[in-house]
Amino acid sequence: MEMETTISLLDIRPLVPELTMICVGLIVILLDLIVRKKEVVAIVGIAGTLVALYGTYKLYGFYEPQSAFSGMFVLDGYSNFFKLIFYLNIILTICISFKYMAIEKASFGEYYALLMFATTGMMIMASAADLIVLYLGLELMALSTYILAGITRKRQRSNEAALKYFFLGAFSSAFLLYGISLTYGLTGTTNLREIASALQTLDLNGSPIMYLGLIFMIVAFGFKIALAPFHMWAPDVYEGAPTSITAFMSVGPKAAGFAVLGRVLFGAFAGMQVQWASILIPMAVLTMAVGSIIALAQTNIKRMLAYSSIAHAGYMLLGVITGTTGGLMSTVNYLAIYLFMNIGAFAIVIMLRREGFQGENIEDYMGLSKSHPLASALMLIFMFSLAGIPPTAGFIGKFYVFMEVIKAGYVYLAIIAVAFSAISAFFYLRVVMYIYMKDPKEEVVLTRSPSMSIALAVTAMMVLILGIFPSFLLNLVRYSILG
Amino acid sequence: MTAPQLFFAYFAVMITVLSLLMITRRNPVHGVLWMLVLFVHIAGLYIFLNAEFLAAIQIIVYAGAILVLFLFVIMLLNLKKEETVKKFQKHWLVGVGTGIIFAVFSVSIVRKIEVFPQLGKYTIEAVKAEGNIMTVGKVLYTKYLLPFEIASVILLVAIIGAVVLAKKRIE
């Protein structure tokens, strides 16, 4: 009966990208002591991420999913695609935070190292094939982001954001652990694949306790994704955290949350699709409603983008609800598009910040087009994309999700989503209106830096290219998930 | 009631009562001391489950290290004001309501639990034959090696975070 588990050096191979990220994170901390120019430290961080990206690219070639460490860690196209999102997320975040963190007087090595550790946590989450590894990856990501949210510790808002995020995050972790323990109690395993087979052999698909365990896990993932009614933390934390971290948090942990949601629901609980759809459908509708409607009343652009990110989480969730591979692919596709448009929008928000000027009110954008036509045009592109107006990528993202939802037979959900999408266009276009149709109140000086220009160029180009030629990304997603 | 049932009933009731005592005390030091008793009772439950190693850890780590840390913080903060402030805000009724709904929900579900067959290879006999610590150690360094290592990275992040948030000089 006893089966010896053996672990060999070969088990490390699928983990090379994660190990690279951790090692470079440690190097970054040490470099911080000897290098005076913090730009060098940040560039080392980017370089390390590129090395990890190369590692993932090299490992991409395997068609068959590989598992390591006695089935705890899995390397497949699904996880690799999410890792790609995480790499782009951290690189773009570092690009937009160079100058900004210097203005905030918090540009030091630990900042970049923590970004790398948080990304490592997300990568572990995406590759987790076991609930324990999943939980630990989630904690690694969460702990790093709590610290990052409070890294400008002289600012009271930042402290508040970090504390709020920490307390509510700890609370949601407790839910996750409770869900995991119920699942373990019923199936006798924490391995996702073994859970799936145990649900079949023990005939647990209809078990109310399993249902309760599933609800607990969805609550915890919903917290990380900022799904209503577990979104309460998002506006305060997004507003209080340094803007570069807000950009990082609104993409990274959300994508990681969706990665584990997809993995757990499709991998372990595929037989309970009816049950989890019954939980997720009301959550998705509520999320879209809360995000789109409350955003209308915001005057702070970071808060507005926070509610916008809640609404987008609702649209993305629709793809998961379908329970089909096509639906999951549309969600993943949406996440990749959301990465570019959201970080692009936050990059413009960051440019308005300068010494002695926050630039976080929507009114600060009044008449921006008169003095800064290029930045205004970029903001226009990002706002159009977030609103889902063609020919931008945001339209493509929404289009495929809605199409998959209709295909799966949830026509009413698609109609609700389109309605909320129309409502949300109002507050995105209000920003555009302020930029183009109002007279400037005061002179706005933009903080420029070369890395910021690169980030803006990449995000804006991707938003336009993916809007006009969506097949490239769609094919990549299909290749990753279907093999 | 059989002896194990009595044993469990005592600990279950005591844990609930002690938790309530802990959160209702005006003096934070009293609250922490009730928590100490609570931790000891949780350790009792672990022994009940044949997990004596976990029980020892519970006493050493929670009742020992973490509790002392709590007391230190309370002493450093000198929470005299805390004793005069009202302990519960207006919405405590909402909390109690949610708790009752949850309890009813859980009880209704727990009643449906059937006794499942022994799952997994670590039966009571298997653990007894090898000893608790031996089994935990073996599993931790073979099957659960990866989670073990990830936990070490989490601890590293925690240390870095403490230094960054508390010590870093920001002009």
Side-chain angles (χ1 to χ4, degrees), chain A residues 1-7 11 15 18 22 25-26 29 68-73 104-106 108 110-111 113-114 117-118 120-121 124 130 132-133 135-137 139-144 146-148 150-154 159 162 184-190 198 202 204 207-209 211-212, chain B residues 49 54 94-95 98 101-123 125-127 129-130 134-135 137-171:
Chain A
M1 117 206 167
E2 189 85 0
M3 195 189 72
E4 282 300 318
T5 38
T6 50
I7 285 170
D11 276 316
L15 269 135
E18 283 80 1
I22 292 174
L26 294 175
I29 293 179
F69 287 98
S70 48
M72 297 251 156
F73 189 91
E104 294 283 357
K105 297 191 178 58
F108 36 76
E110 287 86 349
Y111 170 81
L114 285 169
F117 291 138
T120 313
I124 292 170
D130 190 285
I132 292 187
V133 175
Y135 167 70
L136 288 169
E139 281 298 312
L140 178 57
M141 171 192 84
L143 200 61
S144 311
Y146 302 148
I147 300 163
L148 285 169
I151 205 155
T152 51
R153 69 183 166 101
K154 283 282 160 70
N159 294 341
Y184 180 68
L186 284 185
T187 59
T189 175
T190 51
L202 297 173
L204 286 170
S207 154
I209 306 161
Y211 191 39
L212 187 68
Chain B
L49 292 169
L54 212 53
V94 182
T98 320
I101 292 173
F102 181 73
V104 171
F105 188 53
S106 311
V107 168
S108 70
I109 278 180
V110 164
R111 291 166 68 94
K112 289 184 188 143
I113 292 191
E114 305 150 35
V115 179
F116 283 99
Q118 171 82 45
L119 299 161
K121 58 186 172 187
Y122 295 103
T123 55
E125 291 73 39
V127 174
E130 225 171 16
M134 178 84 110
T135 319
K138 263 191 180 168
V139 173
L140 201 59
Y141 287 98
T142 53
K143 192 173 175 212
Y144 291 91
L145 184 64
L146 179 65
F148 184 70
E149 297 296 340
I150 300 171
S152 70
V153 181
I154 295 179
L155 288 180
L156 176 72
V157 168
I159 295 169
I160 295 172
V163 173
V164 167
L165 292 181
K167 234 12 206 163
K168 197 87 189 174
R169 273 201 196 85
I170 304 170
E171 0 18 277

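These numbers come from the heavy atoms of this one structure, side chains and all, not from hydrogens, waters or symmetry mates. In the text below, chain A, chain B and the rest are named by the order of the sequence lines, each starting its count at 1.
Considering only heavy atoms from C-beta on, B/V157 comes within 4.5 Å of A/I147 through its side chain. Looking at A/L186 and A/I209, their side chains come closer than 4.5 Å, going by heavy atoms from C-beta outward.
Shortest non-hydrogen contact noted between A/V133 and B/I150 is CG1-CD1, 3.9 Å.
A distance of 10.0 Å separates NZ in A/K154 from NZ in A/K105, rounded to the nearest 0.5 Å.
Your options are A/Y211, A/F117, A/Y135, and the one with the most heavy-atom pairs under 4.5 Å with chain B is A/F117. Heavy-atom pairs under 4.5 Å with chain B were tallied for A/L143, A/L114, A/I22; the largest tally goes to A/L143.
For A/L136, the parts lying under 4.5 angstrom from a heavy atom of chain B are both the backbone and the side chain. Neither the backbone nor the side chain of A/L148 comes within less than 4.5 Å of any heavy atom of chain B. Interface remark: A/S144 contributes backbone and side-chain atoms alike to the contact with chain B (heavy atom separation under 4.5 Å). The parts of B/L146 that come within reach of chain A are both its backbone and its side chain, each placing non-hydrogen atoms under 4.5 angstrom from that chain. For a residue to count as touching a neighbouring chain, one of its non-hydrogen atoms must lie under 4.5 Å from one of that chain's; by this rule A/L140 touches chain B with backbone and side chain alike.
Distance alone, capped at 3.5 Å, places no donor-acceptor pair between the A/D11 side chain and the A/A68 backbone.
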Next item on the list: Evaluate the criterion side-chain contact (heavy atoms from CB on, under 4.5 Å) for residue pair A/I124 and A/E18; output intermediate values, then yes/no.
Entry: CA-CA 7 Å; A/I124 292 170; A/E18 283 80 1; 4.1 Å; yes

